[in-house]
4 protein chains.
Amino acid sequence: MNSQFDNLKTEKKERIINAALKEFAQSGYEKASTNGIIKEAGIAKGSLFNYFNNKKELYLFLLDYVTKIIDEIYSKADWNETDFFKRMSQIGCIKFEIYKKYPQAFDFMKRAVSEGATEVRTEIEALIKNLISTGLERGYQNIDFSKFRTDLDLEKVTKIINWTALGFAEEQRDKVNSFQDVTADVLDEWEELSNILKRCFYKQEYCGDD
Amino acid sequence: MNSQFDNLKTEKKERIINAALKEFAQSGYEKASTNGIIKEAGIAKGSLFNYFNNKKELYLFLLDYVTKIIDEIYSKADWNETDFFKRMSQIGCIKFEIYKKYPQAFDFMKRAVSEGATEVRTEIEALIKNLISTGLERGYQNIDFSKFRTDLDLEKVTKIINWTALGFAEEQRDKVNSFQDVTADVLDEWEELSNILKRCFYKQEYCGDD
Amino acid sequence: MNSQFDNLKTEKKERIINAALKEFAQSGYEKASTNGIIKEAGIAKGSLFNYFNNKKELYLFLLDYVTKIIDEIYSKADWNETDFFKRMSQIGCIKFEIYKKYPQAFDFMKRAVSEGATEVRTEIEALIKNLISTGLERGYQNIDFSKFRTDLDLEKVTKIINWTALGFAEEQRDKVNSFQDVTADVLDEWEELSNILKRCFYKQEYCGDD
Amino acid sequence: MNSQFDNLKTEKKERIINAALKEFAQSGYEKASTNGIIKEAGIAKGSLFNYFNNKKELYLFLLDYVTKIIDEIYSKADWNETDFFKRMSQIGCIKFEIYKKYPQAFDFMKRAVSEGATEVRTEIEALIKNLISTGLERGYQNIDFSKFRTDLDLEKVTKIINWTALGFAEEQRDKVNSFQDVTADVLDEWEELSNILKRCFYKQEYCGDD
DNA sequence: TATGAATGAGGATTCATTCAT
DNA sequence: AATGAATGAATCCTCATTCAT
């Protein structure tokens, strides 16, 4: 079980976690090599299987680990900000900060989303579903929806905005591939998109560009 | 070569193609088992390698096969329709029709897009690049962009619409997972989204829900 | 059986024989590909197995074929020449002539001698033994052994000469590898070796260099 | 690498080495079956590939192994012996002793010399070239060539003697095939050949049969 | 008689997992 | 608790041989 793994020194634990995240992120579940992990982590073959009974258990542990990191995003957000677009920008920035801190975790998660291995797909999908639902729930907390035009279906409008944000994020990710160089440019471009959306979906008095 | 495969009876060819599409869609390139394919297709171990010299060649053949199916979409579209949203609906419907005819091909393509295997990634990326460029080119052919508001950046606006369409399609796919039962409902829902977008992005005189 | 093969047109027979000789010479028994043979010969897969029940039978047929070619060597020699060294030179020259006519047969034979495949080794060894014994028997026919010194064991002396000839031939083969460019030089060098041997093993009155 | 293999118990290492030598000697590089080796050695399928990454590496290891055995021959010879024939006899005897100790190694080497597999041919040829050059160099070390007649080309004379020795060795090997029973007889026969050669090639004062 | 598609045993190699130390 | 050698099922692929046409 994990009790044995938990009792390890923090440094060793991190070494193992990072080695495993990296390997799974690079190669996907099935192709990831336990040999690669133990080599990178500098531990013995048997040890890995002492800590985690098998590959799947290790993968699921990591899935749980990154979930906690994602939770960090939400715990850091300023839930008093009531403007929908400002909240989105804020969360985007925090995501980015955390990415710089735990890059492997993000690469792992990115890979997990498109993971095809039947052995773990179910768990990943459940996690994603959960993440999305609680994410939306928390993401919409304290938002002042009264700024939106009342002649448009609010649910649909927020969907359009979310899809736009998602599409934009995807586009940026494809463009940079490693989040190293992105900063102000990306934010500026998002600002422009935000303004278009605001002008369309907000009541006229809230359309100011600030 | 494929000459031997081409000479097979249509029924057998389809059995093999579908078995392979299914296996690759489920497991990805590397983990897909040729054993699984021949078992599902009901052919002998060696036969598959008579038809295709190796796994990669088989995969590339399938990639070509689905490309042709995608081309079918465009060849069936009415390129005289100048309204952006009507064109999108039309292509969406055709896509859907073809999906019902070749469901595995779509799952295969979906998987291919996020395929990580280095052995075939180059080919996939080339194909995608080609698909996107000719796709956009053809997709925007004859569109009357003068209907759009001139005070908004047209490029960004079309991006928002495309992301919305993509996000909506994804949502529907996740919802139904097998496209068996969806029809009018989906179209109605898209119509509603379309109307919101039209009201926001078209000049006022074109916002009629026609 | 071979009756079916025998009834083939000469041209086709030769095409098949040469293709097979070439393939076996290049790749050895086990690694030789029946596919390679039928492709080179321009016949159908099944045909080869109509003519010869299996790979081994084909190989054995070729072994027999080249044996007949070797017999040609002896049938062409001038058996009235009684000088041991002149006879050797003569046979060497004839060998060389025939090599130029049937190069594949020689390459095949060369490869056969060092063939390791257990499936055919027995037959090859029997053939070689037979070739050597009848070869020696015929090679020594009509030779005037009275020219040799009587104080040396004749059997041993002829052995030494044969080993020298063999060693020399081997050396030349390694040097040229394809018998294309060898001619006078080789003969001259052999002449020199012959003279040394003559001076040692012939009675003094026969040591003249011609 | 070989570190894992090196750490094995001597008995197991020898079992594997001998099994592999035997298989490669019998079947040649390409046709040699790793299955055959592991079966003969009594180890698991995967183990062989733990010790040696692949077939080629195993083969190259064996090539190195037999080279060391050959070096043993030279390290045991008495390099103060200046008589050419005595030196040859001596090395011949040592070779024979070692053959009795490592029969498979000799069969392996014999096969290697005529190995056709392109995958290992380069390495074999390099080894042979090295073996021959250092072999000749060491073999002729301290030899008193002044014993030879000066009216004969020394280079050619030594060649004749070497070819004779080689031919004789080959003859003996073919005769006994397992070297179990040969001893004094062979030496006696070689002595007789030596005497003939000495009487022909040495200056008269050194022809004593001692 | 000639064909070539179909077969399947066998090839080398990989890798998660076990277990004696 | 930690180790790493041993395992063997599963991987893709080859090829001599068969057999229906």
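Note on naming: letters A, B, ... go to the chains in the order of the sequence lines (proteins, then strands), and numbering restarts at 1 for each one. In this text the structure is predicted, and so the values were computed from the model without any measurement.
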Which residue, D/A44 or B/A32, contacts DNA chain F at a nucleotide closer to its 5' end, judged by nearest heavy atom?
D/A44

Distance in angstrom units between A/K39 NZ and F/dG4 P, rounded
14 Å

Distance criterion of 3.5 Å, no angle test: do you see the side chain of D/N54 paired donor-to-acceptor with the base of E/dA12?
no

Could you please name the option among F/dC13, E/dT17, F/dT18 that lies closest to any side-chain atom of B/K55?
F/dC13

Report the distance from atom CZ of A/F5 to atom P of F/dA1, rounded to the nearest whole Å.
14 Å

For the residue pair D/Q26 and D/R111, what are the closest heavy atoms and their distance?
O-NH2, 3.5 Å

Take B/G46 and D/G46, find for each the nucleotide of DNA chain E with the closest heavy atom, and name the residue whose nucleotide sits nearer the 5' end.
B/G46

Test applied, salt bridge (charged side-chain N to carboxylate O under 4.0 Å, His left out); reference residue, B/K56; option that passes from B/E30, B/E119, B/E123:
B/E123

Take atom CG of D/N35 and atom C1' of F/dA9, then tell me their distance rounded to the nearest Å.
13 Å

To the nearest Å, how far apart are D/I43 CD1 and E/dT13 P?
14 Å

Check A/Y59, A/Y65, A/F61 against A/F24 for a ring-ring contact (aromatic ring centres under 6.0 Å, His included) and give me the one that passes.
A/Y59

Using a strict cut-off of less than 4.0 Å between a Lys/Arg side-chain nitrogen and an Asp/Glu carboxylate oxygen, indicate whether B/K129 and B/E125 qualify as a salt bridge.
no

Separation of B/R15 atom CZ from E/dA6 atom C1', in whole Å?
13 Å

To the nearest angstrom, the CD1-C1' distance between C/I37 and F/dA16 comes to 11 Å

Please give, in whole Å, the distance from F/dC13 P to B/F52 CZ?
13 Å

Tell me whether the OP1 or OP2 atom of F/dT11 has a side-chain N or O from B/S33 closer than 4.0 Å.
yes

Could you say whether A/K56 or C/L48 is positioned toward the 5' end of DNA chain E, judged by the nucleotide with the nearest heavy atom to each?
C/L48

Counting the atoms with a prime plus P, OP1 and OP2 as sugar-phosphate, which does B/K12 contact under 4.0 Å by heavy atoms, base, sugar-phosphate, or nothing?
sugar-phosphate

Nearest-nucleotide check on DNA chain F, B/E119 vs A/G42; residue mapping nearer the 5' end is A/G42

Considering only F/dA2, E/dT7, E/dA5, which nucleotide approaches the side chain of A/L8 most closely?
F/dA2

Closest to the side chain of B/F49, out of F/dA6, E/dA12, F/dC12, is F/dC12

Pairing stems for DNA chain E [at least three consecutive pairs; Watson-Crick or G-U; under 3.5 angstrom]
E:2-21 with F:2-21

Can you tell me how far P of F/dA16 sits from CD of C/E30, to the nearest Å?
10 Å

Does F/dT7 have OP1 or OP2 sitting under 4.0 Å from an N or O in the side chain of D/S47?
yes

F/dT17 base / C/K45 side chain donor-acceptor hit below 3.5 Å
yes

Within 6.0 Å of NZ in D/K13, more than 12 heavy atoms from elsewhere:
yes

